[in-house]
Amino acid sequence: MAYCRSMVHDTADSWKVLTSASDIVARRLLGSTLVRVLPGGVRLAGRIVEVEAYDQTDAASHSYRGRTPRTDVMFGPAGHLYVYFTYGMHYCANVVTGAEGHGAGVLIRAVEPLEGLDTMAENRQHRNRSKTHELTNGPAKLCQAFGIDKTWNGHDLRQEPLRLELSQTPLEEDMIVQTPRIGIKQAKDVPWRFYIRENPYVSGYVSRTR
DNA sequence: TGGACGATCCCCT
DNA sequence: GGGGATCGTCCAT
């Protein structure tokens, strides 16, 4: 019984890490799992292998120019989902981090598909199903695969049917590669992109290793 | 009220 | 490797 209570305590405790600075949280999210249960009961799961940190003090962040209707969720409680729409056709998902009132988050750039690959392929209208690494190796791709759109903006990731399961133990430091972020013009030298070393499910892995 | 642009992806060359 | 698709958001008139 004491054991059970300590497990519950640990879970609540580990969730608190999300209130840390976004670059700290970014590292901690690597190896954690995103789980979606669809209305029909199908389970989709992916292990987070690539992330980017954003903060209100950082010119590349949506929250840099202050709280607006669009960025409101970023300034809310940690552990909620900030979903934004971009390029007229894509959604991207962030885990909100930091204290309430502070606009920060971690963009999930890629996951390694674990469960529900067929459904992910359908959601992605994926033609070549042998290339499973192309299902979720980009921020908009994983949103499409998981069926995440703007209706999920503000969702608490501790709640079904879309949950973030924090890994029990952080990854070893030498398993994490740190680089500048992708596709931004402001603050492009800030090294706040993190990914798991030599993981084939990281975005652009194939083209960069050719 | 309008115009520029974007934390992307995919197809074509 | 380059460019088009496509529309919400924000800022300047």
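Just so it is clear: chains get the letters A, B, ... in the order the sequence lines come, proteins before strands, and each one is counted from 1. What you see is a predicted model; the values in this text were computed from it and never measured.
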Novice: So what does A:I184 touch, heavy atoms closer than 4.0 Å: a base, only the sugar-phosphate, or nothing?
Specialist: sugar-phosphate
Novice: Does a side-chain N or O from A:H62 land closer than 4.0 Å to OP1 or OP2 of B:dA7, or not?
Specialist: yes
Novice: Whole angstrom is fine here: how far is it from NE2 in A:H90 over to P in C:dG4?
Specialist: 16 Å
Novice: Calculate the interatomic distance between A:Y91 atom OH and B:dC9 atom P; express it in whole Å.
Specialist: 15 Å
Novice: Roughly how far apart, to the nearest Å, are C:dG3 and B:dC5 at atom C1'?
Specialist: 16 Å
Novice: Between A:H102 and A:Q56, is the side-chain contact (heavy atoms from CB on, under 4.5 Å) condition met? List the steps.
Specialist: CA-CA 7 Å; A:H102 185 92; A:Q56 66 179 35; 3.5 Å; yes
Novice: Measuring from the side chain of A:M89 (C-beta onward, heavy atoms only), which nucleotide among C:dG8, B:dA7, C:dA5 has the closest atom?
Specialist: C:dA5
Novice: C:dA5 base to A:Y87 side chain: any donor-acceptor pair below 3.5 Å?
Specialist: no
Novice: Grab the CZ-C1' distance between A:R70 and B:dG6 for me, whole Å please.
Specialist: 8 Å
Novice: Let me spell it out: for each of A:P139 and A:K185, pick the nucleotide of DNA chain B with the closest heavy atom. Which residue's pick is nearer the 5' end?
Specialist: A:K185
Novice: Are the aromatic rings of A:F85 and A:H90 close, with centres under 6.0 Å apart?
Specialist: no
Novice: Run through A:K188, A:R181, A:R109 and flag the one making a salt bridge (charged side-chain N to carboxylate O under 4.0 Å, His left out) with A:E52.
Specialist: A:R109
Novice: Which nucleotide in the list C:dA5, C:dC10, B:dT8 gets nearest to the side chain of A:A140?
Specialist: B:dT8
Novice: Whole-Å distance between B:dC10 C1' and A:Q144 CD?
Specialist: 11 Å
Novice: Please give, in whole Å, the distance from B:dA7 C1' to A:Y195 OH?
Specialist: 18 Å
Novice: For A:Y84 and B:dC5, what is the distance between atoms OH and C1' respectively, to the nearest whole Å?
Specialist: 14 Å
Novice: Indicate, with a heavy-atom threshold strictly under 4.0 Å, whether A:A60 touches base, sugar-phosphate, or nothing.
Specialist: base
Novice: Is the NZ or CZ atom of A:R70 positioned over A:Y82's six-membered ring, under 6.0 angstrom from the centre and within 45° of the axis?
Specialist: no
Novice: Rounded to whole angstrom units, what separation is found between the CZ atom of A:R65 and the P atom of B:dG6?
Specialist: 11 Å
Novice: Just name whichever nucleotide pairs with B:dT1, Watson-Crick or G-U, keeping both distances under 3.5 Å, else none.
Specialist: C:dA12
Novice: Describe the nucleic acid contact of A:R181 in one word from base, sugar-phosphate, nothing, applying a heavy-atom distance below 4.0 Å.
Specialist: nothing
Novice: So if I take every side-chain heavy atom of A:K150 and compare against C:dG8, B:dC9, C:dC10, which nucleotide ends up nearest?
Specialist: C:dG8
Novice: Can you tell me the pairing partner of C:dG2 across any strand shown, Watson-Crick or G-U wobble, with both distances under 3.5 angstrom?
Specialist: B:dC11
Novice: Kindly point out which of B:dC10, B:dA7, C:dC7 is positioned nearest to the side chain of A:S61?
Specialist: B:dA7
Novice: Report yes if a side-chain nitrogen or oxygen of A:T86 is closer than 4.0 Å to either non-bridging phosphate oxygen (OP1 or OP2) of B:dA7; otherwise report no.
Specialist: no
Novice: Side-chain N or O of A:K141 versus OP1/OP2 of B:dC10: is the shortest distance under 4.0 Å?
Specialist: yes
Novice: What is the distance, to the nearest angstrom, from the CE atom on A:M74 to the P atom on C:dT9?
Specialist: 15 Å
Novice: With no hydrogens and no angle check, do the side chains of A:R65 and A:T71 hold a donor and an acceptor under 3.5 Å apart?
Specialist: no
Novice: Are A:L142 and A:W152 connected into the same hydrophobic cluster when the rule is that any two of I, L, V, M, F, W, Y join if their side-chain heavy atoms are below 4.5 Å apart?
Specialist: yes
Novice: Looking only at side-chain atoms of A:R124, point me to the closest of B:dC10, C:dC7, B:dC9.
Specialist: B:dC10
